[in-house]
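Here is the structure we will look at, set down as structure tokens.
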Amino acid sequence: MKGDFTRMTFDPLRHFSRVLMQQGRVQLDADFNEQAAILLHYMRTLATDLIGPYGGPLGGAMGFRLAEAGSGRFEIGPGRYYVDGILCENDGEDTQSYIKLPETDGTYFAYLDVWERHLTHVQDERIREVALGGPDTCTRAKVVWQVRLEDIGELDSDAEFDCEEAIEDLRRRERPDRRPHMLARVSDEGQGKDVCSVPPDSRYRGKENQLYRIEVHRGGPAWDGTTDKDGTPLGNLDEAATFKWSRDNGSVVFPIVRQQGNVVFLESFGRDQRTSVRVGDWVEIMDDDLELGGALGILAQVDAVDTVEMSVTLRSPAGGPLNWPEYDEESENHPLLRRWDHRKVEGLAMDGGAILVEDGWIEIEDGVEVRFDAGSYPFRTGDCWLVPARVATGDIEWPEDEDGSPMARPPQGVEHHYAPLGVIQKGDLHTDCRCGFRPSCQPLAQGKKPLPTDEIVLEKKKLKEAKPADQPQ
């Protein structure tokens with residue numbers, strides 16, 4: 001999540017049960033965020049253990065029922081459903097209300113795609129307290145769901161479709177067990193044997209504490225390193241993965257008021273010079289539609305800044321024409337300009353405004369270096385790693401092995417969760433793949449089958465009415 005955090009400390013492998021505040025101590029955002037993460041991890045794990053990977057309460061409370069509504073549309077019913085312990089609610093407010101089938105009369109697998117989205121006051125103005133005169137405070141995380149369709153080809157009308165196997169195939173494709181890793185370190189080049197003589201490039205040299213965010217921009221395999229005689233990148237350039245980085249966890253953003261071609265008019269230029277935008281900065285245009293659709297943001301470089309008109313002029317990475325988006329004051333998909341801190345460095349290969357993922361150590365800044373360990377697994381857009389850098393220690397916080405060498409870590413980032421909903425064949429619901437559970441069950445007596453709460457009430461009423469009047473109730 002791209003927030004102005006000190007660091008993200010929650011790790012389920014440490015098995016902490018709670019965070020305890022002490023009197024007279026400095027209070028940090030990381031402690032409060034870890035407490036919330038611990039509780040959320042417990043609740044979702046408990047829900048998964050009780051419900052399973054997906055399910056909804058039996059009766060009218062179970063949501064996401066697909067109902068044919070004519071003209072190739074299927075309505076998505078209101079209610080609740082759980083996916084990997086995550087509560088999904090369809091209450092008709094600001095949610096997807098229907099899906100529309102493609103023009104082709106085929107067979108489609110409908111499934112639920114669930115993830116958590118980070119929201120600031122840019123996306124939801126109600127988060128900010130206007131009485132403070134402008135500054136924002138906390139941010140929010142929101143569960144987002146979308147019903148998606150996958151063409152599964154021909155299906156025998158009498159055949160039973162294996163919803164569970166279909167969703168497992170989807171999970172394996174979208175969430176593989178093996179993913180590219182990354183290592184981080186502080187450069188030790190030039191360090192001699194004399195421990196009293198520490199060269200300036202042997203430790204973190206930044207003047208401020210930072211939370212570096214290394215994020216994959218374009219997914220794909222690592223670049224093979226092929227260049228022409230002038231050093232221009234070639235080889236698998238068109239499909240190679242690229243990344244961008246920020247020293248503030250990607251939290252420096254500027255709400256867009258309107259955009260005309262390559263000129264963007266902003267709501268503000270940030271709190272101060274450090275959080276502002278300068279000529280030469282790489283920025284990314286993003287809005288709700290792009291983010292929810294999993295599309296790449298538009299990377300561009302700042303060509304000019306006009307503090308009077310509150311505008312910046314952008315140029316495309318290749319210097320050629322670009323299909324710029326159009327926004328105005330009436331835009332409702334919350335466009336913003338996000339600043340990244342990578343710049344052109346001698347010997348560093350770039351493509352499309354981002355840095356090519358290649359083998360070997362890549363210097364970020366102030367001695368901080370990263371190295372990608374891809375193997376044969378492709379990078380995914382949005383995969384990221386957080387690297388806290390601290391002035392007090394002159395080092396970064398990164399796990400090391402017994403020999404003091406940096407360890408490879410899997411990426412963080414948005415995790416998608418999936419659940420099957422149904423199979424649509426020739427415009428009709430062929431199979432309802434939803435699963436139900438009984439949230440309020442208890443046995444009436446030994447040997448009797450557990451019943452839902454409403455049936456328990458009826459059963460007890462029948463037993464009471466059947467007893468003779470002289471027997472105790």
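Only this structure's heavy atoms are used, side chains among them; waters, hydrogens and symmetry mates stay out.
No donor-acceptor pair under 3.5 Å is formed between the side chain of Thr431 and the backbone N or O of Val423. Asp248 contributes no side-chain N or O that, together with a main-chain N or O of Asp4, makes up a donor-acceptor pair within less than 3.5 Å. Of the possible polar contacts, one joining the Thr275 side chain to the Arg271 backbone as a donor-acceptor pair under 3.5 Å is found.
The CZ atom of Arg140 sits 9.5 Å away from atom CG of Leu119, with the distance rounded to the nearest 0.5 Å. A distance of 11.5 Å separates CD of Glu291 from NE2 of His334, quoted to the nearest 0.5 Å. Note that CD1 of Ile285 and CG of Leu299 are 9.5 Å apart. Values are rounded to the nearest 0.5 Å. Atom CZ of Arg338 sits about 8.5 Å away from atom OG of Ser251, to the nearest 0.5 Å. With rounding to the nearest 0.5 angstrom, the OG atom of Ser246 is 8.5 Å from the CZ atom of Arg213.
Residues meeting the side-chain hydrogen bond (donor to acceptor under 3.5 Å, both in side chains) test with Asn33, sequence neighbours left out: none.
Side-chain atoms of His342 and Leu348, non-hydrogen and from C-beta on, never get closer than 4.5 Å to each other. In this structure the side chain of Leu386 reaches within 4.5 angstrom of the side chain of Gln412, judged on heavy atoms.
Taking the six-membered ring for Trp, Trp385 and Tyr212 have ring centres at least 6.0 Å apart. Tyr54 has its ring centre no less than 6.0 Å from the ring centre of Tyr418. The distance between the ring centers of Phe372 and Phe243 falls below 6.0 angstrom.
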Stepwise side-chain contact (heavy atoms from CB on, under 4.5 Å) test for Ile99 and Ile424: CA-CA 11 Å; Ile99 54 174; Ile424 300 173; 4.2 Å; yes

I'd like a table of donor-acceptor pairs (distance under 3.5 Å, sequence neighbours excluded) in which one partner is a side-chain atom from residues 350-361, with atom names and distances.
residue: Asp351; atom: OD2; partner: Arg218; partner atom: NH1; Å: 2.9
residue: Asp351; atom: OD2; partner: Arg218; partner atom: NH2; Å: 3.1
residue: Asp359; atom: OD1; partner: Arg371; partner atom: NH2; Å: 3.4

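Using cut-offs of 30° and 60° for the angle between ring planes, the Phe437 and Tyr82 rings count as perpendicular.
Look at Asp383 and Arg380 and you find a salt bridge, because one of the NZ, NE, NH1 or NH2 atoms lies within 4.0 Å of a carboxylate O, short of that distance.
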